Amino acid sequence: MTHSIVDPATLTPEMAARIRTWRVDEEYSWRAVAEAASELWGSKWGSNQLFGADLCEAAARVLGEDPHREPWN
């Protein structure tokens with residue numbers, strides 16, 4: 001069983017769209033997504049790669065997309 005750091009219910013559609021822009025359009029790594037989100041929204045996770053991966057997965061789900069398919073990966 002894996003444990004997610006990010007609950008998709010905590011992301012607004014605007015936050016999910018911003019995360020998608022970072023990851024998909026600007027090609028941020030998971031670590032860079034985590035760092036950008038931590039700076040923008042304040043998080044104790046900083047540039048933690050696992051946090052970034054969970055953010056991307058949660059954002060994809062909020063947007064009705066599959067986080068394991070293009071354009072996310």
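Values in this document were obtained by computation on a predicted structure and should not be read as measured data.
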For a quick test of reading the model, state the closest non-hydrogen atom pair linking [X] to [Y] and the distance between them.
| X | Y | value |
| --- | --- | --- |
| G46 | S38 | O-OG, 2.9 Å |
| A34 | G52 | CB-N, 3.6 Å |
| L63 | P13 | CD2-O, 4.4 Å |

Using 4.0 Å as the upper bound for N to carboxylate O, is an ion pair formed by R31 and E35?
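Here E35 does not pair with R31 in a salt bridge, since their nearest N and O are not under 4.0 Å apart.
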
Interatomic spacing from [atom1] in [X] to [atom2] in [Y] - rounded to 0.5 Å:
| X | Y | atom1 | atom2 | answer |
| --- | --- | --- | --- | --- |
| E26 | R18 | CD | CZ | 5.0 Å |
| T10 | I5 | OG1 | CD1 | 11.5 Å |
| L50 | W30 | CG | CH2 | 9.0 Å |
| F51 | C56 | CZ | SG | 10.0 Å |
| M15 | L55 | CE | CG | 8.0 Å |

Is it the case that the side chain of D25 and the backbone of R20 share a donor-acceptor pair, with hydrogens and angles ignored and the cut-off at 3.5 Å?
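Judged by distance alone, no pair lies under 3.5 Å.
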
Side-chain contact test, heavy atoms from C-beta onward, threshold under 4.5 Å: evaluate it for I19 versus V62 and give yes or no.
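Of all side-chain heavy-atom pairs linking V62 with I19, none is under 4.5 Å.
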
Any idea how W41 and W22 line up, ring-wise: parallel (<30°), tilted (30 to 60°), or perpendicular (>60°)?
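It falls in the tilted class, 30° to 60°.
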
